[in-house]
Every structure is written in structure tokens, then in C-alpha cells.
Undergrad: 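Once you've had a glance at the structure underneath, I'll fire off some questions.
Residue numbering restarts at 1 for every chain, and letters A, B, ... go by the order of the sequence lines.
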Amino acid sequence: MYAIKERLRTAAGAAVESLYGVRETPQIQATHKDHSGDLTLVLFPLAKYKLGAVEALGEAVGKKMLEFTPEVREFNVVKGFLNLTLSDEYWQSVLARSEDDDFFRPPPRREKVMVEYCSPNTNKPIHLGHMRNMAIGEAVCRILEAAGAEVVRACLFNDRGIHICKSMLAYQDAGGDDSPEKSGLKGDHLVGNYYVEFEKKYRAEVKELVESGIPEAVAENDAPSMKRCRQMLLDWEAGEARTRALWKKLNDWVYEGFQQTFERYGIRFDLLLYESELWQRGKTAVLQSLQAGAFYQKDDGSVWIDLANEGLDQKLVLRSDGTTVYITQDIGVADHKDELHRPDRSVYVIANEQDYHMKVLKLTLQRMGRKYADGLVHLSYGMVDLPTGRMKSREGTVVDADDILQEMYDTAKAATDELGKTESLSSEELCVLYETLGQGALKYFLLKPEPAKRIVFNPAESIDFKGHTGTFIQYVHARACSVLRKAQGLSPDDGGAGPFHELEIAMLKQLAAFSETVGEAAEKLNPALVAHRVYDLAREYNRFYYELPILKAETPALVARRVKISRLTARAVRFGLSLLNIQAPEKM
RNA sequence: GGUCCCUUAGCUCAACCGGAUAGAGCAUCGGAUUUCUAAUCCGACGGUUACAGGUUCGAGUCCUGUAGGGACUGCCA
């Protein structure tokens, strides 16, 4: 649709200039559904030249278009809107081009993009919030690739720090020789359980101290478990052998658990970054920039950046004892990423609770003279909340990723079995199907809303399989595939099939609009646009399928054309879902 | 106090650079299968786009203000 829109717009601009001598290229958009036509030129802006009534201008431009633009079959004017109807020859040419490999792809972008997403802490399992992050991150990668960009998928493991020591400490105290093999638990779940154990014990200590009259803030600092935890962090930083060995053992278990979840979810990273290897790198950079005058130092030795000119506050970048803080580490990681891959853009898929932090990071890097900082993009998304509010691991209200994947599988199985139309599938194929449907529903649920909006997930209500869902779209794929299976051996020649039915044109419009949507989604880093497009296309096909005979159409040529539209639909749906990291089943 | 995000039908979400009578799904009610997969389709019901101003041929969309919800603003990560 790119090409025709641009052509008509240019033609209209030329018509306006030849008629009135003014240079004004009108906007073009899809024609409103209640008016006849396919594309509409908006002529209101011509009013400012005082050339006469806009209706008269529309008539004149329309006549020119009809005369000189073969794609236009007829036109009508409503107020300042010039509605154009495209010719059957044009639609025939779309159909002829449709088999091209790049029919659904936008003009290629020449850029290298690094996308960092997921980035979990290694003290507890992945939860539903990460799943939204991964759904968005992976979809953005796939969309960018479809748009011709080179993509590097990066994941940063927050594998060191006080929170890691918490699970280590609890394991050291009560773990004995517990292990994933012995407990039968995935490594990340096992370690997560010890993290919860720590929090329980620690909270009890704090409560006891508070009851003995100590203020809560002091109690939180002075509780014995917390003191030991801080000591453990110091030991870790000093490289103390036993602490390091324990750290490595638990983290390796966690990584193995994460890997299983990533695989099941259909995700693989190109670049794994470990905070434990990079956390000190930012310090040198900060000290250099301090000398260069980008930062200032207080009397106690701490280093700060003043962002008052940008409407923000002062921000600490190095502690008085010379140790690093979160943003120091991020500076180091950013340098590291740039050095490794020199991406044109570096996208951070991180929840909107870090909007402020990411703003500070970008400004700080710019202040430090990092040219690559201009290419930093924070892809911010809303959190996944429960009806009761935020998920809190401490309170045990997190929705675990592995649990929800299993629940989706079970729900898909129950729904499929109830319908009972899968006799032709083997038990292996059925397992794949349940997984495909369960994840399709889940991922679509996570990707459908605009990333910026927060999502409320109610564990008591299962995610829908009907209506505006992933399942609906998958169903259309299965339906179209069924038609294609039955069409094998029929003549593929769609020549002379006669004028297009309006429902055929509606389908062709959806198919032709696809590449434009992918381009826009890549531009805006917004998978929801693809999600909506593929749904609209699926809905249109259901109408087409219901209203028109395909295999029993009047003539062989017409059968061939409608089969071709079905094949295109299946291809578009498969492609669109693949951009969302969702599988398209051939039967369901 | 400061920075930012969100608010559209009972519920969950759309609305392409500002464009025509704001559209879908769920729920409710009614209809469609001798025919290519009914996880579907068609219809009905449902709106002062939180509120008040402003900009203009035209505002859900842009600007200002107000209200409500949320996040951040730690020598935690």
C-alpha cells in the first residue's frame, strides 16, 4: 500500500499544481467505511488559498486523477474529501505481486540495533512481569529483523549484590546438601525458595526489634541476618573462596533453570552480560569524566552529576568510599556494549518504574561525551499488576512463569478436548498443539495493549481463547490451511476470474497494508501494532470465508483466485504471529 | 516539592502526521451449520472520549489548568 498511496498523493499534488499553480501535496488515508472508495485525499488544506469551494476543487482534481492515473476507476467528493476507487487492474496487479518474498516486508532499514531485555536477578525465578518484558523484547527484535535491521539480543544478569547474598545465606544456613537433583526442583525455583526463607527470617527479626522499641529503619539495618548479609557481600567482593564457590554453585543452578524457561518461551540471546564481570568498569570511566569536569566531587569524596539544567536533580554516581552504585554499573555496561558491537541504536526494554533512571543514564552518558548515547532508547512498558496491586515476591504474590506456562497448556488442552475435532492428530502433535495454543493466548494477551499501559492480570480468570485473542488468529490459520489442503491439485490459474467481490478487495487491502504496519511497528518499537493488524486481517478472512464460496466458487479461475487469497492469508498470519513469537498451527 | 506515565461503552482494549457518524472483543439478548474447521459469522443493546478552557476549516489526538490512578525522585539493585 506504500507505493500506491505515494503515487496517488504525488499525482494529486501535480494535479493541484497544474490546475491552480500552488504546491500542496494532500494527505492520503483509507476511505471511511461508510463512504464508497478505497483511498481518500484530504483537500481541506487547499481552503487557505481561497481558490473556491473545496467541493469544486475536489471535482476538478478528481477529474484529473481519473484522466491521468490508470489505477483510479472512479471518484466522489464529500466536503473536502476526495474518495478514489481503485480499478480491478490495480487489484489484479497486487495479487500478481503477492507471491514475492518481500510482499509483507517494509523497505529495508540499514541499521544495527542492540536490544537488551529480560535481564533478571539471579536470586529468584522468572515471573509474569518478565514474561511481558520478553514478549515485547523478542517481538521488537523480530519486527526489526523483518524490517531489515541487524539485531543483537542481549540479556544482562543481575548476578551480584545484596539480594543474591540473601538466598546464599539462607542456603548456607539451612540448605545442607540440597540441590535441584535432590529436591526435584528447577534450580531457579530452588534458589528462589531460599530467598523467601531469608526474607521470612529477616522480617521476623525486624518485627522483634521493632517490638522492643527500636525504630523500623534502624531495625531493618541492624537485624542480625542483614548484618551477616552485608558481611557476605564484602567477602564476595574480596573474592573470598568459599563465598565465591557458593555463589557460583547457586547461580549455575539458576542459569540452568532460566535456560529451560527461555527455551520453552522461544527465546535465545546472542549476548549474555554478567554484572559480576562488569560492575567495576564504570568506576574508571566516572573518575576520568570527573577529571574532565563532567562531574563534581563533594568533601566526603562522593562523586555527583548535576542535572538541574535538564530539570532533574543531583545524582550520585560514586559513593564516598569509592564503591559503585547502580548507575555507575550501567555506565560501564553501556560502554561495554558499544565497544563490542557498535550498534546504531541500543534499546533497553525495561519497565516504566525506571523511566527516571533511564533518563538520568542517557543524560549522564551524553555529559560524559559518549556519542553513542544519542542512540540509547528506553522502551518503557507498564507493569503487570494483580487485582490486589503489585506482585511482591516477598509476599508470595508473584505469578511464576513456569506455573503460568503450565496452566496455559492445561487450559488449552481442556478447551481443545472439549471441542473434540482433533482425531487426526497423534499424541505428540497434540502436545505441540496445546503448547502452541496456550502460549499463543498468553503472548497475545501480553502484547495486545500498548506497551506503555499497565496490565492487570487476574489469576482467578483464565486468559481467553475466544474473541480478540491469539487463539482466534491461530484458528484462522488452521482454517485457511484446511482450505489449502483440499485445494491441492486444482488449477492455480486465476486469469479471467472476473471483477473482484468487495470482500475479496477487503482482503487484498488487509494483505497489502501488512508491510506498512510492520514498518511502523519497527519505527515505533511497538509490537501491538502488528498484533492488531494480524487480528484485523484474521477477522476479515472469517467474513470472507463465511460469505463467499472458495472451493465451490462459480468458475475454476475464481476458485484459483480465492485459494490464492487463502494462501496469502495463511502466509500473512503465519508471518505476523511469528513476529510476535507465536506459532501458527495447521490444524486445531 | 520535582520529573514522568495513565484515564475512551458495564469490563478489556482500538482509533494511521489533527480528518468524515469514535470502532472491536467480553458480558447480555436474538439469529446463522444439507456447503470449504461454529475456537466462527450476522444483528441488537451499550459513549458528554475524567473535567474546564484554548489553538483551527476540523480535537479522543496538540496547548494550559483541574481531578483521579500509578511509578520514580536511596551512598538499594
Undergrad: Would you say A:F44 stacks on B:G19, if stacking means ring centres under 5.5 Å apart and planes within less than 30 degrees?
TA: yes

Undergrad: Could you check whether the side chain of A:T469 and the base of B:A39 have a donor-acceptor pair of N or O atoms closer than 3.5 Å, going by distance alone?
TA: no

Undergrad: Name all residues meeting the side chain to side chain donor-acceptor pair (under 3.5 Å) criterion together with A:Y49; count only those two or more places apart in sequence or in a different chain, and write none if there are none.
TA: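 A:Y49: side chain to side chain donor-acceptor pair (under 3.5 Å) contacts with A:E24.
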
Undergrad: With the criterion set at under 5.5 Å between ring centres and under 30 degrees between planes, would B:A20 be stacked on A:F81?
TA: yes

Undergrad: Compare all side-chain heavy atoms of A:I582 with those of A:Y444 and state whether any distance is below 4.5 angstrom.
TA: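 A:I582 reaches A:Y444 side chain to side chain.
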
Undergrad: Among all residues two or more places apart in sequence or in another chain, which pass the side-chain contact (heavy atoms from CB on, under 4.5 Å) test with A:Y475?
TA: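 A:Y475 satisfies side-chain contact (heavy atoms from CB on, under 4.5 Å) with A:K421, A:R479, A:M588 only.
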
Undergrad: Suppose we screen for side-chain contact (heavy atoms from CB on, under 4.5 Å). Which residues come up paired with A:R23, at least two apart in sequence or across chains?
TA: A:E17

Undergrad: Sequence neighbours excluded, which residues qualify as side-chain contact (heavy atoms from CB on, under 4.5 Å) partners of A:F81?
TA: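 A:Q29, A:T40, A:V42, A:F44, A:N83.
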
Undergrad: Considering only B:C4, B:C41, B:A20, which nucleotide approaches the side chain of A:K359 most closely?
TA: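 The closest nucleotide is B:C4.
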
Undergrad: Could you check whether A:A47 gets within reach of a base, just the sugar-phosphate, or nothing at all, counting any heavy atom under 4.0 Å?
TA: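 Nothing: the residue A:A47, judged by heavy atoms under 4.0 Å, touches no strand.
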
Undergrad: Rounded to the nearest Å, what distance is computed from the CG atom of residue A:D385 to the C1' atom of nucleotide B:C5?
TA: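 Nearest whole value for this atom pair: 13 Å.
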
Undergrad: Taking side chain to side chain donor-acceptor pair (under 3.5 Å) as the definition, give me every residue that meets it alongside A:D222, ordered by chain and number, with sequence neighbours left out.
TA: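 If we apply the side chain to side chain donor-acceptor pair (under 3.5 Å) test to A:D222, skipping adjacent residues, there are no hits.
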
Undergrad: List the residues meeting side-chain contact (heavy atoms from CB on, under 4.5 Å) with A:F457, not counting sequence neighbours, and say none if there are none.
TA: A:L128, A:V384, A:L386, A:V399, A:I404, A:F445, A:P459, A:I463

Undergrad: RNA chain B in dot-bracket, Watson-Crick or G-U pairs under 3.5 Å, [ ] crossing, | other strand?
TA: (((((((..((((.....[...)))).(((((.......))))).....(((((..]....))))))))))))....

Undergrad: At under 4.0 Å between heavy atoms, how does the protein contact nucleotides 27-36 of chain B? Give one character per nucleotide, 5' to 3', with B, S or -.
TA: -----B--SB

Undergrad: What's the OH-P distance between A:Y381 and B:C6, to the nearest Å?
TA: 17 Å

Undergrad: How long is the line joining CG of A:L46 and P of B:G19, in whole Å?
TA: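 It works out to 17 Å between those atoms.
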
Undergrad: Have a look at A:L318 and say if it touches a base, only the backbone sugar-phosphate, or nothing, with a 4.0 Å heavy-atom cut-off.
TA: nothing

Undergrad: Taking only residues two or more places apart in sequence, or in another chain, which ones meet A:H130 in a side chain to side chain donor-acceptor pair (under 3.5 Å)?
TA: none

Undergrad: Regarding B:A20, can its base be found pairing with the side chain of A:T31 as donor and acceptor, where the two atoms are less than 3.5 Å apart?
TA: no

Undergrad: On a plain distance test, is the side chain of A:N83 in donor-acceptor contact with the base of B:A20 below 3.5 Å?
TA: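 Such a pair is found, so the answer is yes.
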
Undergrad: Return the value, rounded to whole Å, for the distance between atom CD of A:E540 and atom P of B:C41.
TA: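 Atom-to-atom, A:E540 to B:C41, this comes out as 11 Å.
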
Undergrad: Over how many whole Å does the gap from A:D417 atom CG to B:A39 atom C1' extend?
TA: 13 Å

Undergrad: Protein-nucleotides 13-17 of chain B N/O pairs closer than 3.5 Å?
TA:
unit_1: B:A14; atom_1: OP1; unit_2: A:E450; atom_2: N; d: 2.5
unit_1: B:A14; atom_1: OP2; unit_2: A:K453; atom_2: NZ; d: 2.9
unit_1: B:C17; atom_1: OP1; unit_2: A:K524; atom_2: NZ; d: 3.4

Undergrad: For a quick check, with a 4.0 angstrom heavy-atom cut-off, what is the B/S/- contact string for nucleotides 71-77 of chain B, read 5' to 3'?
TA: SSS-BSB

Undergrad: Identify, with sequence neighbours excluded, every residue that meets side chain to side chain donor-acceptor pair (under 3.5 Å) alongside A:T411.
TA: none

Undergrad: What is the distance, rounded to the nearest whole Å, between atom OH of A:Y444 and atom C1' of B:A24?
TA: 10 Å

